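In what follows, a single structure is set out as structure tokens and then discussed.
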Amino acid sequence: MAGVKALVALSFSGAIGLTFLMLGCALEDYGVTYDSDATSSACRELAYFFTTGIVVSAFGLPVVLARVDVIKWGACGLVLAGNAVIFLTIQGFFLVFGRGDDFSWEQW
């Protein structure tokens, strides 16, 4: 039963994060338009590299766009809040459901 509660909480958290992201991109008032450890392997390091690039660009790009007045700071705040919630939800998923698995990253 605890697994179901955790899954529901993670789903709700993900939905909140997606709502923030959509509001940051869709609200007309904001002017957005259409226009490492020792046992690591090469695959794990590559995954860390791509994940870091995704996370940094997810937080950095809205700030850069707001700074050059492509989007307003309110939209930037909503996108940053949505990113934080989404990434924390993903991390929570791996913390809750990532244990007790037969899969090991060392296989790669």
Side-chain angles (χ1 to χ4, degrees):
M1 189 65 172
V4 173
K5 288 181 182 178
L7 186 61
V8 168
L10 288 169
S11 298
F12 183 71
S13 174
I16 296 293
L18 286 174
T19 301
F20 282 140
L21 286 175
M22 285 188 263
L23 285 174
C25 294
L27 287 179
E28 214 171 290
D29 292 340
Y30 293 124
V32 179
T33 61
Y34 292 107
D35 297 300
S36 345
D37 49 44
T39 60
S40 66
S41 66
C43 287
R44 179 182 277 189
E45 295 298 325
L46 185 64
Y48 286 159
F49 176 76
F50 285 131
T51 302
T52 302
I54 291 169
V55 171
V56 167
S57 65
F59 286 102
L61 186 61
V63 173
V64 169
L65 291 175
R67 182 143 171 94
V68 295
D69 293 328
V70 173
I71 62 173
K72 293 189 179 178
W73 283 101
C76 178
L78 286 170
V79 170
L80 293 178
N83 285 338
V85 171
I86 291 292
F87 289 131
L88 288 174
T89 300
I90 292 169
Q91 182 183 14
F93 175 81
F94 283 113
L95 290 176
V96 171
F97 294 107
R99 297 186 186 140
D101 206 1
D102 289 339
F103 180 77
S104 174
W105 287 106
E106 281 74 30
Q107 294 174 4
W108 295 51

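Bear in mind the structure is a predicted one, so any value in this text is a computation, not a measurement.
- Of all heavy-atom pairs spanning Thr89 and Leu10, the tightest one is CG2-O, 3.2 Å.
- Within the structure, side-chain hydrogen bond (donor to acceptor under 3.5 Å, both in side chains) pairs that include any residue of residues 57-67 do not occur (at least two apart or interchain).
- Contacts of Phe93 classified as ring-ring contact (aromatic ring centres under 6.0 Å, His included), with partners at least two apart in sequence or in another chain: Phe97.
- A heavy-atom distance below 4.5 Å is not found between the side chains of Val79 and Leu61.
- The shortest non-hydrogen separation linking Val96 to Ala6 is CG1-CB, 3.7 Å.
- Grouping Ile, Leu, Val, Met, Phe, Trp and Tyr residues whose side-chain heavy atoms lie under 4.5 Å apart, directly or via other members, places Phe50 in a hydrophobic cluster with Leu46, Phe49.
- For Val64, there are no side chain to side chain contact (heavy atoms under 4.5 Å, CB included) partners, not counting sequence neighbours.
- Scanning for side chain to side chain contact (heavy atoms under 4.5 Å, CB included) contacts around Ile90 gives Ile86, Phe87, Phe94, with sequence neighbours left out.
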Next item on the list: Could you go through the side chain to side chain contact (heavy atoms under 4.5 Å, CB included) check for Val85 and Ser13 one step at a time?
Entry: CA-CA 7 Å; Val85 171; Ser13 174; 3.7 Å; yes
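- Between the CG atom of Leu78 and the NZ atom of Lys72 there is a distance of 13.0 Å, given to the nearest 0.5 Å.
- Shown here for Pro62 and Ala58, the closest heavy-atom pair between the two residues is CD-O, 3.1 Å.
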Donor-acceptor pairs under 3.5 Å, side chain of residues 17-27 to any protein atom, not counting sequence neighbours: which ones?
residue : atom : partner : partner atom : Å
Thr19   : OG1  : Ala15   : O            : 2.8

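- Remark: Leu88 engages Gln91 in a side chain to side chain contact (heavy atoms under 4.5 Å, CB included) (not counting sequence neighbours).
- In this structure, Cys76 and Val63 have side chains that are in contact, with non-hydrogen atoms separated by less than 4.5 Å.
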